[in-house]
Participant: 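Next up is a structure, given as structure tokens.
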Amino acid sequence: MKIKSQEKGQVLIIIALGALILFGFSALAIDGARVFEDRRHAQNAADTSAYAAALAIIRDQNYTLAAQNRAASNGYDNDADSTVTVNLCSEAGVTCEGMPAGADRSEYIKVTITSILPTTFARVLGWNHVTSVVSAITRVQGEVVNGQFGGAALVSLKPTDTAFSGNGNFSVDVINSGIFSNSTGNCSSQFSGNGTIEVDTSITVASPGNQCQNGNLTVPVPEAGSQVPYPPNIQVPAPNITCTGNGTVSNNTITPGNHNAININTNGNVTFEPGNYCFNGGVTINGNANVIAHGVNFRINSGSFSVNGNSTFKECTDMLVYSNGGTGMFFNGNGSNTCLGVTFYMTTGSVTWNGNVANTFKAPTSGTYQGLLIYLPYGNASNMTINGNSGNQLTGSIIAVSSPITINGNSGSTGLNTQIIGYTIALAGNSNTTINYNPADQYSPPANPTIELTK
């Protein structure tokens, strides 16, 4: 048979096409499997890197470096074969998928890993490399501040019997807030006399049907609320105040260190130099002394710290008082005390002012004790009396979960810018007290930081 000339070379074409198909299947099987494996590995690396970045944000560390280091430990670095980019979703030009509508974009962080994979069989088809891009997004919610007990300005925590009461010719006006009573007992709230209570929100009672009244009273009808467990989970870390060596008292100047009993009876300035003081005996300041204390930490191990007569804390900023064994801190007499950025942390004893003393005490505006003015932890049941004299200006939370708290006041008192939390709260005296509640000025324990992988 004679083969026609136009049929020559067809086998070669078939072989070439078969080879291409064979290389295509090989590229799909081998190079494709390599790309799939790398993509899965890169996604795991992106997920762990996003978690590392979120944890770094909570710890106030360099989140970009943390994510890049974690990616590098998984084989992805900023080199010729891969790049790692870290962005907050709030940055301009950054696209983050899966975020809910209205979300705070600053809470989301995105890690993107781009890897370049050289091919083997796919090169025959013109693909020298394959680019793979994966990303992961985490949401970081750090120290979110929430108002305690619904933001009530007056909180009584006793779970039974009478927790909140008023007696006499009391008058209390709570601005921007209300009152919460935790008791479910009979007469959980009890009022007698000629009292008046005004609130901007409500009086909330765990057992609203058990409010008892006797007298000419103007009190809002209470609303039903839920009882909270007692003791509440309020955990404020104790100060760490340590002293090295012995302090000195010379020419009305007191230096940091360990001190035994101190008794000062003088006129003029008495200066506490900045630093830590550990008092192993009572401290008494009499006469007409003007106390100056900036940047001081007082630890009262025994005895009391008393300011009497016409003596006064004239200049006082950034002061922390920690009583752990002492009987308390007392402001007596006719002085006028001003302390800005002060916290009284009383494991034992209380903070008390008597006489005609006028106080301006304001809690710190930053740091561990931000918004915390006076704190008596659970177990310290010292009585506390808060005098709402017109000369007093108190800003910051007063928390004494085991203590009976009495609020007295004279006409025209408007200086209580505080949240008061006690075991019981009693309104007493011929008071005309106004509590101006601003949640930004109060202490609120931070919520536990959370990390959530959203993509």
Side-chain angles (χ1 to χ4, degrees), residues 55 58-60 107 139-164 177-185 188-189 201-208 223-240 320-324 343-351 363-384 386 396-405 418-425 435 437-452:
L55 187 60
I58 291 174
R59 293 174 174 173
D60 196 24
E107 294 180 350
R139 184 186 183 190
V140 184
Q141 289 181 292
E143 298 187 346
V144 180
V145 175
N146 303 297
Q148 298 187 89
F149 306 106
L154 297 176
V155 179
S156 54
L157 293 171
K158 187 177 182 180
T160 60
D161 302 323
T162 300
F164 189 84
S177 186
I179 297 169
F180 172 70
S181 174
N182 194 44
S183 175
T184 58
S188 59
S189 297
T201 55
S202 65
I203 295 180
T204 305
V205 184
S207 184
E223 298 181 1
S226 299
Q227 189 177 53
V228 299
Y230 184 83
N233 185 25
I234 301 177
Q235 303 291 333
V236 182
N240 181 20
L320 175 61
V321 178
Y322 177 37
S323 176
N324 189 24
T343 295
F344 301 95
Y345 192 116
M346 314 302 288
T347 302
T348 60
S350 183
V351 179
T365 57
S366 62
T368 302
Y369 303 115
Q370 177 179 344
L372 184 61
L373 184 61
I374 302 174
Y375 178 63
L376 277 64
Y378 175 70
N380 183 0
S382 299
N383 292 332
M384 179 176 292
I386 298 173
S397 295
I398 298 174
I399 304 175
V401 297
S402 299
S403 298
I405 297 178
T418 183
Q419 181 184 43
I420 302 172
I421 302 172
Y423 187 64
T424 62
I425 291 181
I435 298 177
Y437 177 80
N438 182 354
D441 292 333
Q442 313 308 319
Y443 175 80
S444 188
N448 291 329
T450 60
I451 300 174
E452 174 188 4

Participant: When rounded to the nearest 0.5 angstrom, what is the spacing between CD1 in Ile435 and OG in Ser177?
Facilitator: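 These two atoms lie 8.5 Å from each other.
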
Participant: Closer than 3.5 angstrom, by distance alone: can the side chain of Tyr230 be matched with the main-chain N or O of Val401 as a donor-acceptor pair?
Facilitator: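 Yes, because the side chain of Tyr230 sits within donor-acceptor range (under 3.5 Å) of the backbone of Val401.
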
Participant: Tyr443 and Thr368: which non-hydrogen atoms are nearest, and at how many Å?
Facilitator: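 Looks like CE1-O, 3.8 Å.
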
Participant: Just by modelled atom types, is the Gly178 backbone N or O under 3.5 Å from a matching donor or acceptor in the Thr201 side chain?
Facilitator: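 Checking the backbone N and O of Gly178 against the side chain of Thr201, a donor-acceptor pair under 3.5 Å is found.
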
Participant: Restricting to non-hydrogen atoms, name the atom on Ala363 and the atom on Gly396 that form the minimum distance, rounded to 0.1 Å.
Facilitator: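 Scanning both residues, the minimum pair turns out to be CB-CA, 4.0 Å.
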
Participant: Does Tyr345 use its side chain to pair, donor to acceptor, with the backbone of Pro377 at less than 3.5 Å?
Facilitator: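 No.
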
Participant: Can you tell me how far the CG atom of Leu372 sits from the OG1 atom of Thr343, to the nearest 0.5 Å?
Facilitator: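 Reported to 0.5 Å precision, the distance equals 5.0 Å.
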
Participant: Atom CD1 in Ile179, atom CD1 in Ile203: separation rounded to 0.5 Å?
Facilitator: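 Answer for the CD1-CD1 pair, Ile179 versus Ile203, is 4.5 Å.
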
Participant: How many angstroms lie between atom OG1 of Thr347 and atom OH of Tyr322, to the nearest 0.5 angstrom?
Facilitator: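 It is 4.0 Å, given to the nearest 0.5 Å.
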
Participant: Set out, in order, the CA-CA distance, both residues' side-chain angles and the distance that settles side-chain contact (heavy atoms from CB on, under 4.5 Å) for Ile405 and Ile386, then state yes or no.
Facilitator: CA-CA 7 Å; Ile405 297 178; Ile386 298 173; 3.8 Å; yes

Participant: Would you check if the side chain of Ser183 reaches a backbone N or O of Ser188 as a donor-acceptor pair within less than 3.5 Å?
Facilitator: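 Looks like no, no N/O pair under 3.5 Å.
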
Participant: Answer yes or no: is there a donor N or O on one side and an acceptor on the other, between the side chain of Gln442 and the main chain of Ser397, under 3.5 Å?
Facilitator: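 It does hold such a pair.
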
Participant: Carefully, step by step, assess Leu157 and Val228 under the rule side-chain contact (heavy atoms from CB on, under 4.5 Å).
Facilitator: CA-CA 8 Å; Leu157 293 171; Val228 299; 4.2 Å; yes

Participant: Give, for atom OH of Tyr423 and atom CG of Asn383, the distance between the pair rounded to the nearest 0.5 Å.
Facilitator: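 Tyr423 atom OH to Asn383 atom CG measures 13.0 Å (nearest 0.5 Å).
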
Participant: Of all residues at least two apart in sequence or in a different chain, which pass the side-chain hydrogen bond (donor to acceptor under 3.5 Å, both in side chains) check with Thr348?
Facilitator: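 Scan of Thr348 (side-chain hydrogen bond (donor to acceptor under 3.5 Å, both in side chains), adjacent residues dropped) gives Ser323.
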
Participant: With a 4.5 Å cut-off on side-chain heavy atoms, are Ile399 and Leu376 touching?
Facilitator: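 No, side chains not in contact.
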
Participant: Donor-acceptor pair, Ser402 side chain versus Ala381 backbone, under 3.5 Å?
Facilitator: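 It does not hold such a pair.
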
Participant: Of the options Leu154, Ile425, Val155, which is the one that meets Phe180 in a side-chain contact (heavy atoms from CB on, under 4.5 Å)?
Facilitator: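 Only match with Phe180 under side-chain contact (heavy atoms from CB on, under 4.5 Å): Val155.
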
Participant: About how many Å separate CZ of Phe149 and OG1 of Thr204, when rounded to the nearest 0.5 Å?
Facilitator: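 Rounded to the nearest 0.5 Å, the OG1-CZ separation comes to 13.0 Å.
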
Participant: Please identify each residue that fulfils side-chain contact (heavy atoms from CB on, under 4.5 Å) with Asp161, with sequence neighbours left out.
Facilitator: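 Counting only residues at least two positions away or on another chain, Asp161 forms a side-chain contact (heavy atoms from CB on, under 4.5 Å) with Lys158.
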
Participant: Is the backbone of Ser382 close enough, under 3.5 Å, to the side chain of Ser403 for a donor and an acceptor to pair up by distance?
Facilitator: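 Side chain of Ser403 to backbone of Ser382: a pair is present.
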
Participant: Holding to side-chain hydrogen bond (donor to acceptor under 3.5 Å, both in side chains), I want the full list of residues that pass it with Asp441, two or more places apart in sequence or in another chain.
Facilitator: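 With sequence neighbours excluded, Asp441 shows a side-chain hydrogen bond (donor to acceptor under 3.5 Å, both in side chains) to no residue whatsoever.
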
Participant: With side-chain contact (heavy atoms from CB on, under 4.5 Å) as the test, would you mind laying out the steps for Met346 and Asn380 before giving the verdict?
Facilitator: CA-CA 8 Å; Met346 314 302 288; Asn380 183 0; 4.2 Å; yes

Participant: What closest approach, in Å, do Tyr369 and Pro364 show between heavy atoms, and which atom pair accounts for it?
Facilitator: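 Looks like O-CD, 3.6 Å.
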
Participant: Do any N or O atoms from the side chain of Glu223 and from the backbone of Ser202 form a donor-acceptor pair under 3.5 angstrom?
Facilitator: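 Checking the backbone N and O of Ser202 against the side chain of Glu223, no donor-acceptor pair under 3.5 Å is found.
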
Participant: Please report the shortest heavy-atom distance between Gln227 and Pro159, naming the atom on each side.
Facilitator: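 Taking every non-hydrogen atom into account, NE2-O, 3.0 Å.
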
Participant: Would Thr162 and Phe164 count as a side-chain contact (heavy atoms from CB on, under 4.5 Å) here? Give the steps.
Facilitator: CA-CA 6 Å; Thr162 300; Phe164 189 84; over 6 Å; no

